[in-house]
Peer 1: 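Here it is, the structure, as structure tokens.
Quick note: residue numbers are just sequence positions, from 1.
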Amino acid sequence: MPISQKDIKLLWGRAASRCAFPDCKLSLTQDSEDTSSSITIGEQAHIVAKEENGSRGDSLLTTEERDSYSNLILLCPNHHTIIDKNPKDFPVEKLHALKTEHELWVIQTLSQTGDLNKQARDIIYTTLIDAAVEHCHLSQWKQWTFGTLEPFPRWSFELPEDFFQFRQKVLITDFPCTLIELERAIKTLSILLHKAARVFQQHCKIQEDTNGKLFYDCDQFYKISQWNPERYKRLSQEFDDWLEECHQLIIDATKAANWFREVVRRDINPMFFAAEGKFTVTIPWSGDMGLSHTYLLPIYTQEEKDNLPDSLTENEA
């Protein structure tokens, strides 16, 4: 499990982006000579090792706890190497003490009201980012959207509830109004996924697969028991219209996910989904040669971004 954005911000903020090793206090971001950006040289060192066979790895901590803020200390590369090569000289208790002393030094020496306000803003944003990763299933985007874009869509059972939870979290958040584009991207993503679930659930039914796992399957409501050409034609058109809306909402939500990724990487964390790349969708369809697929990389135009989320209708919010 990767270190959450919230824990990263907590660690860097409370350490004031400086090495926690005594008598070091090296600033762990440096201005680049070639660009206006900063180069990060700090390392998020584990107090109890991430792996059980690592330095100070013999512990009852779970995998999640090993990657949490409480088990991390911010160090320069040199001192990170020193503590890991000399675990007997730097046991768990000593590293916790070094971390506490450094954060106390930051509060007494460096912190001002403005710094605390910035930390509060950062926590709000990173909490929402972590919620998006979890509730929007960003790490499995290509997999879960595949089923939702089939000619007869099916959804994993947990998706609608997760999207609802994310939408609720966004609605109750007191946004700092400092990273405006990030806020707009988060709101847009939450609106579209929530609506996609609501529209799909208009015509779906709960099914159980061979392993006993529940899922939502589309209800082919145009199939009628007593033949009536006019009614069949009307229901078939309603089904096609509903299906088109379901598919388009998933494609639009993918645009929003790519916008969200772009802004997070620019404003918060350049490594956010850097290795995984942009979000894509795969649309299955039947042709003369059998089942085939269309691959899409949905991206908003700048004009579309400028009008979001305001351009979404009230019933979508």
Side-chain angles (χ1 to χ4, degrees), residues 1-15 17 19-21 28 40-103 119 122-145 156-159 161-163 165-166 169 186 211-214 257 260-261 264-265 268-277 279:
M1 179 179 179
I3 302 171
S4 72
Q5 297 298 312
K6 178 182 177 182
D7 285 341
I8 291 173
K9 279 294 181 182
L10 271 175
L11 182 66
W12 282 77
R14 292 183 178 178
S17 301
C19 177
F21 203 85
L28 300 178
T40 300
I41 61 173
E43 297 183 355
Q44 294 140 191
H46 288 79
I47 296 175
V48 171
K50 184 178 179 70
E51 306 294 338
E52 291 186 2
N53 60 355
S55 301
R56 300 168 299 276
D58 185 12
S59 171
L60 295 177
L61 291 183
T62 65
T63 301
E64 184 175 349
E65 289 169 337
R66 289 170 189 252
D67 275 334
S68 68
Y69 160 77
S70 61
N71 188 50
L72 299 170
I73 181 171
L74 190 64
L75 296 170
C76 65
N78 182 45
H79 286 115
H80 187 183
T81 301
I82 289 174
I83 69 163
D84 280 354
K85 285 189 174 181
N86 302 278
K88 291 184 178 179
D89 293 333
F90 296 97
V92 170
E93 296 78 11
K94 184 172 182 177
L95 291 179
H96 276 299
L98 291 182
K99 177 180 177 181
T100 301
E101 289 170 6
H102 176 70
E103 292 184 351
Q119 287 185 36
D122 287 346
I123 293 302
I124 291 173
Y125 287 133
T126 53
T127 298
L128 284 170
I129 292 168
D130 288 337
V133 172
E134 177 184 357
H135 293 303
C136 303
H137 298 259
L138 296 186
S139 298
Q140 299 84 36
W141 191 275
K142 187 174 181 179
Q143 291 84 350
W144 73 256
T145 55
S156 297
F157 188 73
E158 70 274 7
L159 286 177
E161 178 61 23
D162 284 349
F163 296 163
Q165 291 296 331
F166 181 55
K169 187 168 189 61
I186 290 172
N211 297 318
K213 187 176 181 180
L214 298 178
F260 171 70
R261 172 186 175 273
V264 171
R265 296 190 69 227
I268 301 291
N269 179 8
M271 298 305 296
F272 184 75
F273 279 81
E276 297 85 346
F279 299 106

Peer 1: Please check if the distance between the ring centroids of W144 and F163 is under 6.0 Å.
Peer 2: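 For W144 and F163, the ring centres are under 6.0 Å apart.
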
Peer 1: Working to the nearest 0.5 angstrom, can you tell me the gap between H46 NE2 and H80 NE2?
Peer 2: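 One finds 8.5 Å between NE2 of H46 and NE2 of H80.
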
Peer 1: I need the minimum non-hydrogen distance between A15 and L74, along with the two atoms involved.
Peer 2: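 That would be CB-CD2, 3.7 Å.
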
Peer 1: Roughly how far apart are I186 CD1 and K169 NZ, rounded to 0.5 Å?
Peer 2: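 Going from the CD1 atom of I186 to the NZ atom of K169 covers 11.0 Å.
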
Peer 1: Could you tell me the separation between the CD atom of E43 and the SG atom of C19, rounded to the nearest 0.5 Å?
Peer 2: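 E43 CD to C19 SG: 10.0 Å, rounded to 0.5 Å.
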
Peer 1: To the closest 0.5 Å, what do you measure between CD1 (I129) and NZ (K9)?
Peer 2: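 Going from the CD1 atom of I129 to the NZ atom of K9 covers 8.0 Å.
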
Peer 1: Do side-chain atoms of K50 reach the backbone of D67 as a donor and acceptor pair under 3.5 angstrom?
Peer 2: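 It does not hold such a pair.
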
Peer 1: Is there a side-chain contact between I8 and W12 in this structure, where contact means two heavy atoms from C-beta onward sitting under 4.5 Å apart?
Peer 2: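 Result yes, sub-4.5 Å side-chain heavy-atom pair found.
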
Peer 1: Answer yes if the ring centres of F260 and F272 are under 6.0 angstrom apart, and no otherwise.
Peer 2: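 Aromatic pair counts; centres sit under 6.0 Å.
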
Peer 1: List the residues meeting side chain to side chain contact (heavy atoms under 4.5 Å, CB included) with A20, not counting sequence neighbours, and say none if there are none.
Peer 2: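 Testing A20 for side chain to side chain contact (heavy atoms under 4.5 Å, CB included), a comparison that skips the adjacent residues, returns I73, L75, H102.
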
Peer 1: Indicate yes or no for a side-chain donor-acceptor contact from R66 to the backbone of N71 under 3.5 Å, with no hydrogens or angles considered.
Peer 2: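 Such a contact is absent between R66 side chain and N71 backbone.
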
Peer 1: What's the separation between atom OG1 in T81 and atom CG in N78, rounded to the nearest 0.5 Å?
Peer 2: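 Reported to 0.5 Å precision, the distance equals 6.5 Å.
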
Peer 1: Would you check, one step at a time, whether the test side chain to side chain contact (heavy atoms under 4.5 Å, CB included) holds for R261 with F279?
Peer 2: CA-CA 9 Å; R261 172 186 175 273; F279 299 106; 3.9 Å; yes

Peer 1: Which residues pass the side chain to side chain donor-acceptor pair (under 3.5 Å) test with E65, not counting sequence neighbours?
Peer 2: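 For E65, the residues satisfying side chain to side chain donor-acceptor pair (under 3.5 Å) (neighbours in sequence not counted) are T62.
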
Peer 1: Can you find a pair of side-chain heavy atoms, one from F273 and one from V133, that are under 4.5 Å apart?
Peer 2: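 Of all side-chain heavy-atom pairs linking V133 with F273, at least one is under 4.5 Å.
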
Peer 1: Can you name the nearest heavy-atom pair linking I3 to D7, along with the distance?
Peer 2: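 For I3 and D7, the tightest heavy-atom pair comes out as CG2-CB, 4.0 Å.
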
Peer 1: Check whether the ring centres of F21 and F90 lie less than 6.0 Å apart, and answer yes or no.
Peer 2: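 Yes: the rings meet the under 6.0 Å criterion.
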
Peer 1: Can you check whether M271's main-chain N or O pairs, donor with acceptor, with R265's side chain at less than 3.5 Å?
Peer 2: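 Side chain of R265 to backbone of M271, a donor-acceptor pair under 3.5 Å: no, none is there.
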
Peer 1: Can you tell me if S156 uses its side chain to pair, donor with acceptor, with the backbone of E158 under 3.5 Å?
Peer 2: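 Absent.
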
Peer 1: Ignoring hydrogens and geometry, is there a side-chain-to-backbone donor-acceptor pair from D130 to K6 under 3.5 Å?
Peer 2: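 Side chain of D130 to backbone of K6: a pair is present.
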
Peer 1: Could you give me the CA-CA distance, side-chain angles and deciding distance for D84 and R56, then say whether salt bridge (charged side-chain N to carboxylate O under 4.0 Å, His left out) is met?
Peer 2: CA-CA 8 Å; D84 280 354; R56 300 168 299 276; 2.8 Å; yes

Peer 1: Could you state the interatomic distance from CD1 (I83) to CD1 (I47), rounded to the nearest 0.5 Å?
Peer 2: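 So the gap between those two atoms works out to 8.0 Å.
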
Peer 1: Nearest heavy-atom pair of F166 and C136: which atoms, and what distance?
Peer 2: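 Smallest heavy-atom distance, with atoms named: CD2-SG, 3.4 Å.
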
Peer 1: Got a donor-acceptor contact below 3.5 angstrom from the N86 side chain to the I82 backbone?
Peer 2: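 Checking the backbone N and O of I82 against the side chain of N86, a donor-acceptor pair under 3.5 Å is found.
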
Peer 1: So which heavy atom on Q143 is nearest to which on S139, and how close?
Peer 2: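 Of all heavy-atom pairs spanning Q143 and S139, the closest is OE1-O, 4.2 Å.
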
Peer 1: Looking at H137 and D162, what are the two nearest heavy atoms and their distance?
Peer 2: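 Shortest heavy-atom separation between H137 and D162 comes out as NE2-OD2, 2.6 Å.
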
Peer 1: Work out which heavy atom in S55 is nearest to a heavy atom in A49; give both atom names and the distance.
Peer 2: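 In terms of heavy atoms, the two residues are closest at O-CB, 2.9 Å.
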
Peer 1: Evaluate side chain to side chain contact (heavy atoms under 4.5 Å, CB included) for D58 paired with E52, printing each intermediate quantity in order.
Peer 2: CA-CA 6 Å; D58 185 12; E52 291 186 2; over 6 Å; no

